[in-house]
Amino acid sequence: MNFFEHQELARKHTRKLIVFFALSVILILITLILVVTTVMDVFIYKSSWILPAVSGAASAGSYFDYLFERHSKTILVTTIVTLVVIGGAMMLRLLRLAKGGSEVAKMVGARRVSSSSSDYKEKRLVNIVEEIAIAAGVPRPGIYLMEEEHGINAFAAGYSTNSAIVAVTQGTLDTLNRDELQGVIAHEFSHVLNGDMRLNIRMLGVLAGILLIGNAGLFMLRSMGYAGYRSRDSRGGAVIVVAGLAITLVGFVGVLFGRLIQSGVSRQREYLADASAVQFTRNPNGIADALNKIRRTVEGSHVQNRHASEMNHMYFGESVRIRFFSNWFASHPPLDDRIKRIQPNYNFSHDGMIAPDQQAETDGQSQAGMAGLAGNVANNAGEYSDIASSASVSAFTIAAAEKISRQTSVEKMVADVGSLGREQILYGARLRATFSQSVNDALATDDGAVAILYVLVLDQNKNTRERQINLISESESAPLAKITLQLFDEITALGERYRWPLLELCLPNIAQLDSGRLSVVKLTLRELITFDGKMDFGEFVVLLATESLLASYTSRSTRYKFRQLSALKSEVVAILGLLAKASGGDRADQQLAFSDAAALCGFKAIELPEISGSSFASYSQAISKLRQLVPVKKQKVFEACVQIALRDKVINIKEEELLRILAGAFECPMPPGGSSDFA
């Protein structure tokens, strides 16, 4: 199953979730009606249907006749109130989480981890996340830390690969070594790549509605205790106790179905994510040892936050203790089963409890010893970016990285979307090591990321560049202009093949800026590009990537409005024409490549459109609309674009950059290795 098929399957799971939700609401409503009418019979009408029913003197049919005759208005009011309460709670939760993963992180009180953090454990976490993100071809997710949680756990959240976050507990950082932490993060990246996150957030909304009634019952019981009803008004207290118990009982039905929904939707996906983590890292011991440490620690994977139960399906491990019927209600498979699926012959002989404060630094690395890694590159590629000495870093280049297989067929390249391997992860680590310390430091800050974006469009002519720097000073600030100028020589010396990796690393930071600052950055970028009255291909790529990817990073989620390519014919033709022009060759070769790709999309006998820099807005709008295609149709467009790029068996830098812009807009992670310059 390829990435696009996973996305389509995620859409089907969403429909299944809606069905489960509807069934649970119906059963909650029936239970609540029975409870409310019975309480009214006993306390208000002083008569009940219970005794006749128990004695066998009443039939089910006659009971329902009685129910609708005496309680028709009560049933109607109860139904309306219940639907409003459940639906309102669900909508309020989804509205609160409209911004995606960052809001989920705030909900659990997690703190954002800065890329410039000086804490060794946090820096290691940032490095691992960045390496896997580069390897997967996705923007680096926001990284969050739950400082008050000492169990071993983590989760990924967001509406798309472009707006994802990864959060880990303090216990995860304190207890796991690098290989184990990499296995956990790779597991979470599987959820990012398989389209699980959007379903998980929607499930949070569903569970908020279902669980609200039970929480209301518990609140009534606590309120009764605080108000002291038992001492002042025994009859009123009895009514509140019965009502509280009744509503809590109804809430239990909600909890029951909430657990079943979590279990039904989540369990198999955890097995898949474990297997994917092994595939990504080529190190089954990493994730297996992490799971075993959950077994061996006092805290396990448990989370104390009040949202732990409703978020149970999102976590790496079971966040709450399931004491009864765990085979039914647990949202994760048993730890032993997960370990044995990863490592059938796993050695449990060293089992024993790990103290909560025991740091398992079995990889033998400490902050003081990081500089020694320079002599052991092959075995410690993942820690390159921790090396403090810029002299050591500059010795490593992309040419020293392990070869990444070149994509030789459309089928293989499409199949590789959303997948990654150990080679790509090593590539991600070594790519960062290629940059000087000053470039890496800049990538770790918001202003530095903005400066790098500006450097990518500065003119080679010194006089023009000086005037552009003055423009930055006027529209932004003098310090930012100074940083931009200082980085110019280093980044220019890297060459155009580093343009996309730098964009991929700086744009996620820029996406986190407040809306006012973000508008200034976009406007300044446009002014820098149009400063000399023309737009070259590099400037075109930077502007198109910034416009389209920032839009996808900051959007709530993609709405699939278009199910047929015919509805977006002009947009598809524009993008295919752009790829054909970027492929080089003469007009006849470009027309042939374009015609074959258009035919793959169902469009025949179409002339290659003219391409000009002045039509930039039309390409940006075309990509924006193509984002709204259903996943299976996105796959068709992506295949057609790859077919053009691979016509001569080599993907040049221009083709790769355009493919990556499209992949980013489509939220389909494209791993590195397409361009011969990187292979």
Asks: Go through Phe603 and Leu565 one step at a time and tell me if the side-chain contact (heavy atoms from CB on, under 4.5 Å) criterion holds.
Replies: CA-CA 9 Å; Phe603 309 135; Leu565 290 179; 4.1 Å; yes
Asks: What verdict does the side-chain contact (heavy atoms from CB on, under 4.5 Å) test give for Val450 and Ile483, after you've listed the backbone C-alpha separation in whole Å, the side-chain angles of each residue and the deciding distance to 0.1 Å?
Replies: CA-CA 10 Å; Val450 173; Ile483 295 171; over 6 Å; no
Asks: Can you tell whether the side chains of Arg517 and Asp447 come within less than 4.0 Å, N to carboxylate O?
Replies: yes
Asks: Hey, does the side chain of Arg111 reach the backbone of Leu145 with a donor-acceptor pair shorter than 3.5 angstrom?
Replies: no
Asks: Can you give me the closest heavy-atom contact between Phe638 and Phe666, atom names plus distance?
Replies: N-CE2, 4.4 Å
Asks: With a distance cut-off below 6.0 Å to the six-membered ring centre and an angular limit of 45° from the axis, does Arg467 pair with Phe531 as a cation-pi contact?
Replies: no
Asks: Would you say Leu458 and Leu485 make side-chain contact, with heavy atoms under 4.5 Å?
Replies: no
Asks: Nearest 0.5 Å, what's the CD1-CG distance between Ile644 and Leu592?
Replies: 10.5 Å
Asks: Do Lys633 and Phe562 meet the cation-pi criteria used here (NZ or CZ under 6.0 Å from the six-membered ring centre, within 45° of the axis)?
Replies: no
Asks: Decide salt bridge (Lys or Arg N to Asp or Glu O under 4.0 Å) for Asp589 and Arg647; before the verdict, give the C-alpha distance in whole Å, the side-chain angles of both, and the deciding distance to 0.1 Å.
Replies: CA-CA 10 Å; Asp589 288 339; Arg647 190 172 183 84; over 6 Å; no
Asks: Would you say the side chain of Arg140 lies within less than 4.5 Å of the side chain of Leu505, judging by non-hydrogen atoms?
Replies: no
Asks: Hydrogens and angles aside, do Glu639 and Gln635 bring a side-chain donor and acceptor to less than 3.5 Å of each other?
Replies: yes
Asks: Taking the side chain as every heavy atom from C-beta outward, state whether Val520 and Leu513 have any pair of such atoms under 4.5 Å apart.
Replies: no
Asks: Charged N to carboxylate O below 4.0 Å: is that the case for Glu657 and Arg660?
Replies: no
Asks: Which pair of non-hydrogen atoms, one from Gln468 and one from Asp459, has the smallest distance, and what is that distance?
Replies: OE1-N, 2.8 Å
Asks: Can a donor-acceptor pair be found, under 3.5 Å and without considering hydrogens, that links the side chain of Lys634 to the backbone of Arg627?
Replies: yes
Asks: Using 0.5 Å steps for rounding, measure from the CD1 atom of Ile606 to the CZ atom of Phe594.
Replies: 5.5 Å
Asks: Quick one: which of Thr530, Val457, Ile510 gives a side chain to side chain contact (heavy atoms under 4.5 Å, CB included) with Leu525?
Replies: Val457
Asks: Can you see which heavy atom on Leu503 is nearest to which on Pro508, and at what distance?
Replies: O-CD, 4.3 Å
Asks: For Pro141 and Val129, work out which heavy atoms get closest and say how close.
Replies: CD-CG1, 3.7 Å
Asks: Answer yes or no: is there a donor N or O on one side and an acceptor on the other, between the side chain of Glu547 and the main chain of Leu544, under 3.5 Å?
Replies: no
Asks: Identify the heavy atoms of Asp446 and Asn509 that sit nearest to each other, and give their distance.
Replies: OD1-O, 3.9 Å
Asks: Calculate, to the nearest 0.5 Å, the distance between atoms CD1 and CG belonging to Ile653 and Leu658 respectively.
Replies: 12.0 Å
Asks: Do any N or O atoms from the side chain of Glu655 and from the backbone of Asn652 form a donor-acceptor pair under 3.5 angstrom?
Replies: yes
Asks: Can you find a pair of side-chain heavy atoms, one from Leu568 and one from Gln628, that are under 4.5 Å apart?
Replies: no
Asks: To the closest 0.5 Å, what do you measure between CD (Gln590) and CG (Leu576)?
Replies: 13.0 Å
Asks: Counting distance only, does the side-chain N/O of Asn440 pair as donor-acceptor with the main-chain N or O of Phe435 below 3.5 Å?
Replies: yes
Asks: Could you tell me whether the side chains of Ser595 and Gln591 share a donor-acceptor contact shorter than 3.5 Å?
Replies: yes
Asks: So, do Leu578 and Phe540 sit near enough that their side-chain heavy atoms are less than 4.5 Å apart?
Replies: yes
Asks: So for atom NZ, which belongs to Lys581, do other residues, nucleotides or ligands contribute more than 12 heavy atoms lying within a distance under 6.0 Å?
Replies: yes
Asks: Is it true that a side-chain atom of Ser583 and a backbone atom of Ala580 form a donor plus acceptor pair closer than 3.5 Å?
Replies: yes
Asks: Looking only at atom types and distance, does a side-chain atom of Arg587 sit under 3.5 Å from a main-chain N or O of Leu608, one as donor and one as acceptor?
Replies: yes
Asks: Going by atom types alone, do Glu490 and Ser438 pair a side-chain donor with an acceptor below 3.5 Å?
Replies: yes
Asks: How far apart are the C-alpha atoms of Ile132 and Gln182, what are their side-chain angles, what is the distance that settles it, and do they pass the side-chain contact (heavy atoms from CB on, under 4.5 Å) test?
Replies: CA-CA 9 Å; Ile132 297 180; Gln182 187 181 62; 4.2 Å; yes
Asks: Using side-chain heavy atoms (C-beta onward) and a distance below 4.5 Å, is Ile185 in contact with Leu125?
Replies: yes
Asks: When you compare the side chain of Phe488 with that of Thr484, does any pair of heavy atoms fall below 4.5 Å?
Replies: no
Asks: If we ignore angles and hydrogens, is there a donor and acceptor under 3.5 Å between the side chains of Asn127 and Glu131?
Replies: no
Asks: Please name the pair of heavy atoms, one in Ile575 and one in Cys641, separated by the smallest distance, quoted to 0.1 Å.
Replies: CG2-SG, 4.0 Å
Asks: Go through the steps for Val521 and Glu476 under the test side-chain contact (heavy atoms from CB on, under 4.5 Å), then give the verdict.
Replies: CA-CA 8 Å; Val521 171; Glu476 288 264 29; 3.5 Å; yes
Asks: Please round to the nearest 0.5 Å and tell me the distance separating atom CD1 of Ile165 and atom CD of Glu103.
Replies: 10.5 Å
Asks: Rounded at 0.5 Å granularity, tell me how far CD1 in Ile452 sits from CG in Leu443.
Replies: 3.5 Å
Asks: Is the backbone of Val542 close enough, under 3.5 Å, to the side chain of Thr546 for a donor and an acceptor to pair up by distance?
Replies: yes
Asks: Taking the side chain from Glu188 and the backbone from Ala156, do they hold a donor-acceptor pair closer than 3.5 Å?
Replies: yes
Asks: So with a 6.0 Å cut-off around NZ of Lys625, is the heavy-atom count from everything else above 12?
Replies: no
